[in-house]
There are 2 protein chains.
Amino acid sequence: MENKSPAFVLVRPQMGENIGAAARSMLNFDLDRMRVVAPRDGWPNERAVALASGAGRVLDAAQLTATTAEAVADCTMVFATTARDRDLTKPVYSPEGAMAEARDRIARGEKVAVLFGPERTGLENDDIVLANAIVTVPTNPAFPSLNLAQCVLLMGYEWRRALDAPAAMQMELAGTDWAAQAEMEALVAHYEERLEEAGFFFPEAKAPAMRRNLRNLWSRMPLTRADVQIFHGMMRQMVRWKERG
Amino acid sequence: MENKSPAFVLVRPQMGENIGAAARSMLNFDLDRMRVVAPRDGWPNERAVALASGAGRVLDAAQLTATTAEAVADCTMVFATTARDRDLTKPVYSPEGAMAEARDRIARGEKVAVLFGPERTGLENDDIVLANAIVTVPTNPAFPSLNLAQCVLLMGYEWRRALDAPAAMQMELAGTDWAAQAEMEALVAHYEERLEEAGFFFPEAKAPAMRRNLRNLWSRMPLTRADVQIFHGMMRQMVRWKERG
């Protein structure tokens, strides 16, 4: 599929109505790259099709995956729509800032995704740590909740607005390219595995938080493919060194 | 009522559901001055109240009038949300421009209203000529239609943005701070030393370039003090692991 706009990823959506409304909101702003992760009621979803009236082709072309990681495997920049979390060190964009960033990166050939959480609970921490940045809609703190389709609508609106404005920055990429999520995932797994073996995640009670923090750290690193190879190489060398005894 | 925000005027709204959803969208962005012109199903409207869940007070405080002219009688600036009409000579604002204008005028003590048309037909010419300007949401020409609550949501969002003018990106720094150069330098030295010992910089002829690339990689990483400690910890653990043999 042509890489001219961000993919909007609905993570574990519940109501078909909301999926259909999200498709309409996307098409209102000329977005047609939907991805759906583990929808509660299976796929295709009849209620979604009924409610998409006129935007059915967005659903027809939607890509279905079992996990969030698969849905963003080919992407080099992933935004998570969620309230800011004071416990995670992460860039926090406004919708306007995020879509301007998305526009600039897509213009440079990158692939960008935006994650939207399930209706009731929103994105989980395991989804959020996969994202490179957070997008927060500045709502009234006393009445903050937006539904899924409303959130999609606002991001789509800002995408459309961003297209009308000029780009701001370019990156010199000395003969390499940004690492895609799948490559980052392999790097994270490599380090986790070796560090596990080396007894890094200790004590046991703290291990999940340590893993989450480490994963979140990687998510913020703007690594090229060459960088990823350097990190792999460093770890491999440490292991060889150990094995030489 | 205090004149601190624009009045949102629903002109001849039809479905109670949409009135309730509009109330919620208003309160999402801290707007509470609703006016309702000749609602099809009378007033108060039970369906509206049911759908407003949590935003009922916006409906309770709404002002009911029989005509659009009465609803905007006290206002000095009236915007009509509608597609632009090539047959009317009129200022056409973007949602952003309109709400920035509204903010400036309200700050100077003026009263501002925004008109929203009935669901199916939109505002009629008789309503539009009462307005001083048009606001048009830049939707996909091939799929332009927004419903009433969506239109209210976007205008509310732009009102809130006009008040906040938030930075495009901020960083949530979960209880830590950016690493200073001296800390980065110590990290670079730690890795260089251990990797040297482990035989990473090989062959000799390539070692200077490898060192330079690694240093350049670190220079691009936006690391916090906590991140730096995690990297130190990983390397220390690999060394301990090796030393255990």
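In what follows, chains are A, B, ... by sequence order, proteins preceding strands, each numbered from 1. Worth knowing before you read on, the calculation uses all heavy atoms, side chains too, and leaves out hydrogens, waters and symmetry mates.
- Expressed to the nearest 0.5 Å, how far CD of B/Glu172 lies from NZ of A/Lys90 amounts to 11.5 Å.
- Note on B/Glu197, B/Arg194, B/Arg244: by heavy-atom pairs under 4.5 Å with chain A, the leading option is B/Glu197.
- The CG atom of A/Asn140 sits 5.5 Å away from atom CG of B/Leu27, with the distance rounded to the nearest 0.5 Å.
- Looking at A/Val137, only its side chain comes within 4.5 Å of chain B, counting heavy atoms on both sides.
- Counted within 6.0 Å of CZ on B/Arg57, heavy atoms from surrounding residues, nucleotides or ligands total 12 or fewer; the atom is thus considered open.
- Closest approach of B/Arg160 to A/Pro138, counting heavy atoms only: CG-O, 3.1 Å.
- Side-chain contact between A/Asp30 and B/Thr139 is absent, with no heavy atoms from C-beta onward closer than 4.5 Å.
- The distance from atom CZ of B/Phe200 to atom CH2 of A/Trp241, rounded to the nearest 0.5 Å, is 13.5 Å.
- Contacts with chain A were tallied for B/Ala142, B/Gly233, B/Ser94; B/Gly233 has the most, counting heavy-atom pairs under 4.5 Å.
- B/Glu158 is listed as a side-chain neighbour of A/Tyr157, based on a closest heavy-atom distance under 4.5 Å.
- For chain A, the nearby parts of B/Pro222 are the backbone and the side chain; heavy atoms of each come within less than 4.5 Å.
- The residue among A/Met210, A/Gln237, A/Arg236, A/Met235 with the most heavy atom pairs within less than 4.5 Å of chain B is A/Gln237.
- With rounding to the nearest 0.5 Å, the separation of CG in B/Asp227 from CZ in A/Arg220 is 4.0 Å.
- Neither the backbone nor the side chain of A/Glu243 comes within less than 4.5 Å of any heavy atom in chain B.
- Here the CZ atom belonging to B/Arg225 is positioned 13.0 Å from the OG1 atom belonging to A/Thr89, to the nearest 0.5 angstrom.
- There is no contact between B/Trp159 and chain A, counting heavy-atom distances below 4.5 Å.
- With respect to chain A, the highest number of heavy-atom pairs below 4.5 Å among B/Ala226, B/Ala55, B/Gly156, B/Gly175 belongs to B/Ala55.
- Heavy atoms of other residues, nucleotides or ligands lying less than 6.0 angstrom from CZ of B/Arg47 number 12 at most.
- When B/Leu214, B/Leu154, B/Leu173, B/Asn213 are compared by the number of non-hydrogen pairs under 4.5 Å with chain A, B/Leu154 comes out ahead.
- Contact annotation: the side chain of A/Met238 never approaches that of B/Lys242 to less than 4.5 Å [non-hydrogen atoms, C-beta and beyond].
- At least one side-chain heavy atom of B/Glu96 sits under 4.5 Å from a side-chain heavy atom of A/Glu96.
- Residues B/Gln150 and A/Gln150 fail the side-chain proximity criterion, which asks for heavy atoms closer than 4.5 Å.
- The CE atom of B/Met234 lies 6.5 Å from the OH atom of A/Tyr191; values are rounded to the nearest 0.5 Å.
- For the pair B/Met221/A/Leu223, a side-chain contact is recorded, criterion being any heavy-atom separation below 4.5 Å from C-beta on.
- Using modelled atom types, one side-chain atom of A/Asn28 and one backbone atom of B/Ser145 make a donor-acceptor pair closer than 3.5 Å.
- Looking at B/Arg24, both its backbone and its side chain come within 4.5 Å of chain A, counting heavy atoms on both sides.
- Both the backbone and the side chain of A/Ile230 come within contact range of chain B, each with at least one heavy atom under 4.5 Å from a heavy atom of that chain.
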